[in-house]
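Numbering of ligands and ligand atoms starts at 1, following listing order. These numbers were taken from a predicted model, which means no experiment stands behind them. FYI, side chains are in, hydrogens and waters are out, and symmetry mates aren't considered; it's all heavy atoms of this structure.
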Amino acid sequence: MKGRYTHMKITDARVVVTAPGRNFVTLIIETEDGMVGVGDATLNGRELSVASYLRDHVVPLLLGRDARRIEDTWNYLYKGAYWRRGAVAMTAIAAVDMALWDIKGKVAGLPVYELLGGASRDAVLVYGHASGHTLDDLDASVQMFLNKGYKAVRVQASVPGLEHTYGIGSPAVAAYEPANGSMPEDDVWDTALYLDFAPQLIEHVREQFGHGFHLLHDVHHRLTPNEAGRLGARLEPYRMWWMEDPTPAEDQSAFRLIRSQTTTPIAVGEVFNSIWDCQQLITERLIDYIRASVTHAGGITHLRRIFFLAELYGVRTGSHGATDLSPISLSAALHLDLTVANFGIQEYMPHLSPADEVFRTTYELRDGYLHPGHAPGLGVEFDEAAAEKYPYAPRYLPVNRLVDGTVHDW
Ligand code: GCO
Ligand code: MG
């Protein structure tokens, strides 16, 4: 047999770096019969390293390969590099993987979720980001999400006494990083101030709005295990959906200590890029939610493996979905979320205009739930002409320092 059914050659693969509102790296793969697939390759603050990894070392290997062989291509790029894991390599592999799933869906005439086993639910529960410099501002922000029908809200507020705190923005926030950072901004961090304030913040929100919605909070890797255990214990009366990234996530055994001190659910994983980063966390049941993203953890193929492992141990999913991941990443996450048995929740920060001019998406938010839509493939069209209007400019995430100048986790 000849043609598409035995081979489907990749004839072109190119990388586009664009900044419609913020920086995104996109991989476009084309096949001999004109199929086009797209993948997100954005690694916030280190974008060009992934663009180079793809352009210089992956694109030459893709040309002439069979676009249908997703699993084989994944292993070829992962094992074939010899050097394992790492955010840059895994983001590059993820972009290829997404683009190939997109193509497979388009060839089949089916949305990717159908190829992954079909929907396990009607739509995907998402959480929105409420924040405020003051508790009054935060109240207005929470109210806005509840009015829009959100069933789950993450709350962050400025810590009194600190000038900048991660996670605060206007209601329609697109980013928490400074807009024009050709150099990283220095922020000051004080754990004692935060630990005094965080329980007041959560108590305040429950007092104002009650228990009729799911409440989340991101600690952003800034505590020690003992501090995190104490905080989790203080938050227990407020029935949190989760406490996110309480300690630096690379130290997996630290979570034993946190677990021994609190039953507040724990979510970890936005900085992970492979199953090995969370193997212990999952198999020892040290977390409740795994938050890796499609883009940084090796694409749909690899993130699905992580989710399947998590399913065995009663750990649910809660994928990273900040706006530094492109709409292609969010769409890919939604297709996967819709299918897996152990889905928990999906982070959702809407991409603001002009991102929608460059990425045309089919996902739809209704009553606090997202659905990826029914278009074949991932359901995202990337407009290369529009992308050209928004040139890349370097931007960095801030760096935290303690009051005495010591570098701390941001
Ligand atoms: C989240 C994350 C983000 C990260 C960002 C870094 O929970 O959404 O913590 O806000 O800070 O993705 O690039
Ligand atoms: Mg986070």
- Message: One residue to check: Tyr127. Relative to ligand 1, which of side chain, backbone, both or neither has a non-hydrogen atom less than 4.0 Å away?
- Response: neither
- Quick one: does His320 get an N or O within less than 3.5 Å of an N or O on ligand 1? yes
- Fit a plane to each ring of His320 and His296, take the angle between them on a 0 to 90° scale, and name the class: parallel (under 30°), tilted (30 to 60°) or perpendicular (over 60°). tilted
- For the residue pair His374 and His371, does the interplanar ring angle fall in the parallel (under 30°), tilted (30 to 60°) or perpendicular (over 60°) class? tilted
- Item | Distance-only N or O hit between ligand 1 and Glu347, under 3.5 Å | yes
- Message: Tell me if the CZ atom of Arg304 is crowded by more than 12 foreign heavy atoms within 6.0 Å.
- Response: yes
- Check the surroundings of atom CZ in Arg206: do more than 12 heavy atoms from other residues, nucleotides or ligands lie under 6.0 Å from it? yes
- Message: Could you check whether Lys151 pairs with Asp367 (Lys NZ or Arg NE/NH1/NH2 to Asp/Glu carboxylate O, under 4.0 Å)?
- Response: yes
- Task: Please state which part of Arg154 comes within less than 4.0 Å of ligand 1, counting heavy atoms only: side chain, backbone, both or neither.
- Result: side chain
- Contact atoms of ligand 1, heavy-atom distance to Glu244 under 4.0 Å: 1 (C), 7 (O)
- Message: Can you confirm whether Asp56 is buried at CG, in the sense that more than 12 heavy atoms of other residues, nucleotides or ligands lie under 6.0 Å from that atom?
- Response: yes
- Item | Residue pair Val155 / Leu201: nearest heavy atoms and the distance that separates them | O-CD2, 4.3 Å
- Please write down residue, atom name and distance for the protein heavy atom closest to atom 12 (O) of ligand 1. Asp324 OD1, 2.7 Å
- Message: Can you confirm whether or not the ring centre of Phe24 sits under 6.0 Å from the ring centre of Phe359?
- Response: yes
- Message: Using a strict cut-off of 2.8 Å, how many protein N/O/S atoms surround the Mg ion (ligand 2)?
- Response: 3
- Task: Note the single closest protein heavy atom to atom 10 (O) of ligand 1, along with its residue, its atom name and the distance in Å.
- Result: Tyr166 OH, 2.6 Å
- If we number the atoms of ligand 1 from 1 as shown, the ones under 4.0 Å from a heavy atom of Trp410 are 11 (O)
- Counting N and O atoms only, with roles assigned by atom type, does the side chain of Gln346 sit under 3.5 Å from a partner on the main chain of Ser319, one being a donor and the other an acceptor? yes
- Message: To check your reading of the model: name the closest protein heavy atom to atom 13 (O) of ligand 1, its residue, and the distance in Å.
- Response: Asn44 ND2, 2.8 Å
- Item | Parallel, tilted or perpendicular, as decided by the 30° and 60° cut-offs, for the rings of His220 and Tyr166 | parallel
- Item | Any side-chain donor near an acceptor of the partner, Thr134 and Asp136, under 3.5 Å | no
- Item | Shortest protein heavy-atom distance from atom 9 (O) of ligand 1, along with the residue and atom involved | Glu270 OE2, 2.7 Å
- Message: For Arg14, I'd like to know if atom CZ has over 12 heavy atoms of other residues, nucleotides or ligands within 6.0 Å.
- Response: yes
- Task: Check each atom of ligand 1 against the heavy atoms of Arg291 and keep those under 4.0 Å away; list them by number with element.
- Result: 7 (O)
- Taking only non-hydrogen atoms of Ala322 and a 4.0 Å limit, the atoms of ligand 1 in range are 3 (C), 8 (O), 12 (O)
- Note on the structure: atom 11 (O) of ligand 1 has as its nearest protein heavy atom His220 NE2, 2.8 Å
